[in-house]
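The structure appears right after this line, and notes come after that.
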Amino acid sequence: MEILNEHINNLLTHLPSSVTLVAVTKTRPVAVLQQAYEAGLRDFGENRVQEMLRKQEQLPADIRWHQIGHLQTNKVKYIAPFVHLIHSIDSLKLLEETDRQAHKHKRVIDCLLQVYIATEESKFGFEPDELHSLLASGAVKTLTGVRLRGLMGMASFSDDQALVRREFSGLKQLFDQVKLQFPEVLPDFNILSMGMSGDYQIAIEEGSTLVRIGTALFGER
Ligand SMILES: *Cc1c(COP(=O)(O)O)cnc(C)c1O
């Protein structure tokens, strides 16, 4: 508990007050989340739906749950009643299903569009030109159950800081550009989710408004 408090305080002193800290709690036991909650954290990120559900049932209701990992269309229904922000929208199909489930629960669900910025093959997300086509298509405007709040991206897992910086800076440029180009589609576009334990300082320098941090808070998995 004391070590966790120390890590949280350390981290918070390095974050500008305009940057939201999402504690990435995937694989951590409920007791650790409870400690993080008692230390004052309210934004928790999970990448597996079943795990989020199990934890959500056991923990206080004022926690804001962030879906940060790849989301399968057939699993949206489980998190639709309570999820605070979905960071990992990577297809129109997934956005449409989220819209459908949001209407079922009489909610509007905040979403980020995930953009593929890394050099690695395995990461999910729209390519920048796909993002443009999606926003230009008009398909998004009819979806009143979802609110597009911004973009999310993961930089390459690399020691090459210049590379990581270029990737973040590219995402920030894309964010600014689509916000300007599609104002009627993106009236609430103000979240740029980028930066993890190893690269959040660079991400913040490049314009991040939300960092997703696991290891630097809770130790190695
Ligand atoms: C695991 C994960 C993180 C946190 O990674 P750390 O290096 O532990 O800070 C952030 N974002 C996503 C999408 C993740 O899956």
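Just follow the structure's listing: the first ligand is 1, and inside any ligand the first atom is 1.
- A side chain to side chain contact (heavy atoms under 4.5 Å, CB included) with E97 is found for exactly one of L92, V76, V146, namely V76.
- The side chain to side chain contact (heavy atoms under 4.5 Å, CB included) with F168 is formed by just one residue from the set I202, L163, L192; it is I202.
- Ordered by chain and residue number, the residues placing a heavy atom less than 4.0 Å from ligand 1 are V24, K26, I68, M154, M196, S197, R212, I213, G214, T215, R221.
- No side-chain donor from either of D110 and H84 sits under 3.5 Å from a side-chain acceptor of the other.
- Listed here is the closest heavy atom pair of F126 and D90: CZ-C, 3.4 Å.
- F44 has its ring centre no less than 6.0 Å from the ring centre of Y37.
- Shortest non-hydrogen contact noted between K179 and F189 is NZ-O, 2.8 Å.
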